[in-house]
Amino acid sequence: MAPPLRPNAVAFISPQNHPILIRTFEKGDELKYHYVAHTSLDVIEERTNGPTKSNDCYLGLLYAMDDIATYGYITPLKMKIVLALPLTDSVVRDAEVIMTFKALHLAYYHASSNPFIRLHDTPAGVGSAKWKRFRRKVDEISRAIGGGSVPS
């Protein structure tokens, strides 16, 4: 049996390429995962606008860097989700990653369906109390797939 996925970070990026939420699960690595999210945008753009366009939301492995494997997902409304997993010797099953992305997409969908929350708030807006439930849901998904403890 494969070990559970242990996400290092999750990033939600608007269709205009503004970060909505970058949630890190490793202490002290926030800036590193902002960089990972932004560099993922180039690969996502290449895959979605290139000659081999696909209608599939799951973009697969975007790239591996140092100790991180980065996976991508783009919703039908062009909202991007980036998942950073530790690079290990174990096999990462696409089915597990797809299931994680679908859960994260559903969490965002429920948060954005709230009529009192602006869809593409600034990153400071995401830190507000209105988005607290969304951040908590992202943390729950991380723990459910094997992320362990989540920093506050």
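We use all heavy atoms of the structure for the numbers below, so side chains are in, but hydrogens, waters and symmetry mates are not.
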Residues I145, E96; criterion side chain to side chain contact (heavy atoms under 4.5 Å, CB included); working and verdict: CA-CA 9 Å; I145 63 171; E96 293 175 9; over 6 Å; no
Working for salt bridge (charged side-chain N to carboxylate O under 4.0 Å, His left out), residues E140 and R143: CA-CA 5 Å; E140 286 174 13; R143 278 192 296 272; 5.2 Å; no
Worked verdict on D94 versus Y58 for side chain to side chain contact (heavy atoms under 4.5 Å, CB included): CA-CA 9 Å; D94 275 348; Y58 178 61; 2.8 Å; yes
Derivation of the side chain to side chain contact (heavy atoms under 4.5 Å, CB included) call for T75 and Y108: CA-CA 11 Å; T75 69; Y108 178 78; 6.0 Å; no
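In this structure, OG1 in T48 is found 7.5 Å from NZ in K80, a value given to the nearest 0.5 Å. Atom OG1 in T70 sits 9.5 Å away from atom CG in N8 (nearest 0.5 Å). Separating the OG atom in S112 from the CE atom in M79 is a distance of 7.5 Å, to the nearest 0.5 Å. Here the CG atom belonging to L85 is positioned 5.5 Å from the CG atom belonging to L5, to the nearest 0.5 angstrom. Atoms CD1 and CD1, from I44 and I13 in turn, are 6.0 Å apart once rounded to the nearest 0.5 Å. Atom CG of residue L41 and atom CG of residue N17 lie 4.5 Å apart, to the nearest 0.5 angstrom.
No continuous path of hydrophobic side-chain contacts links Y33 to F12 [ILVMFWY only; heavy atoms under 4.5 Å]. In terms of hydrophobic clustering, with Ile, Leu, Val, Met, Phe, Trp and Tyr side chains grouped at heavy-atom distances under 4.5 Å, V10 and V43 are assigned to different clusters. Following chains of ILVMFWY side-chain contacts shorter than 4.5 Å, one cannot reach L106 starting from I98, and the two form parts of different hydrophobic clusters. Hydrophobic clustering of Ile, Leu, Val, Met, Phe, Trp and Tyr side chains at less than 4.5 Å, counting indirect connections, keeps I74 apart from V138. A continuous path of hydrophobic side-chain contacts links Y35 to I68 [ILVMFWY only; heavy atoms under 4.5 Å].
Screening residues 63-82 for ring pair (Phe, Tyr, Trp, His ring centres under 6.0 Å), with sequence neighbours left out, gives Y73-F101, Y73-H105.
Listed by chain and number, the residues in a side chain to side chain donor-acceptor pair (under 3.5 Å) with D67 are K32 (sequence neighbours excluded).
In terms of heavy atoms, S142 sits closest to F25 at CB-CZ, 3.6 Å. For the residue pair P15 and L77, the shortest heavy atom distance occurs at CG-O, 3.3 Å.
Counting only heavy atoms from C-beta outward, the side chains of I22 and E30 never approach each other to under 4.5 Å.
With P7 as the partner, the side-chain contact (heavy atoms from CB on, under 4.5 Å) test is satisfied by one option alone out of V97, T100, L83: L83.
Of the possible polar contacts, one joining the R47 side chain to the L59 backbone as a donor-acceptor pair under 3.5 Å is found.
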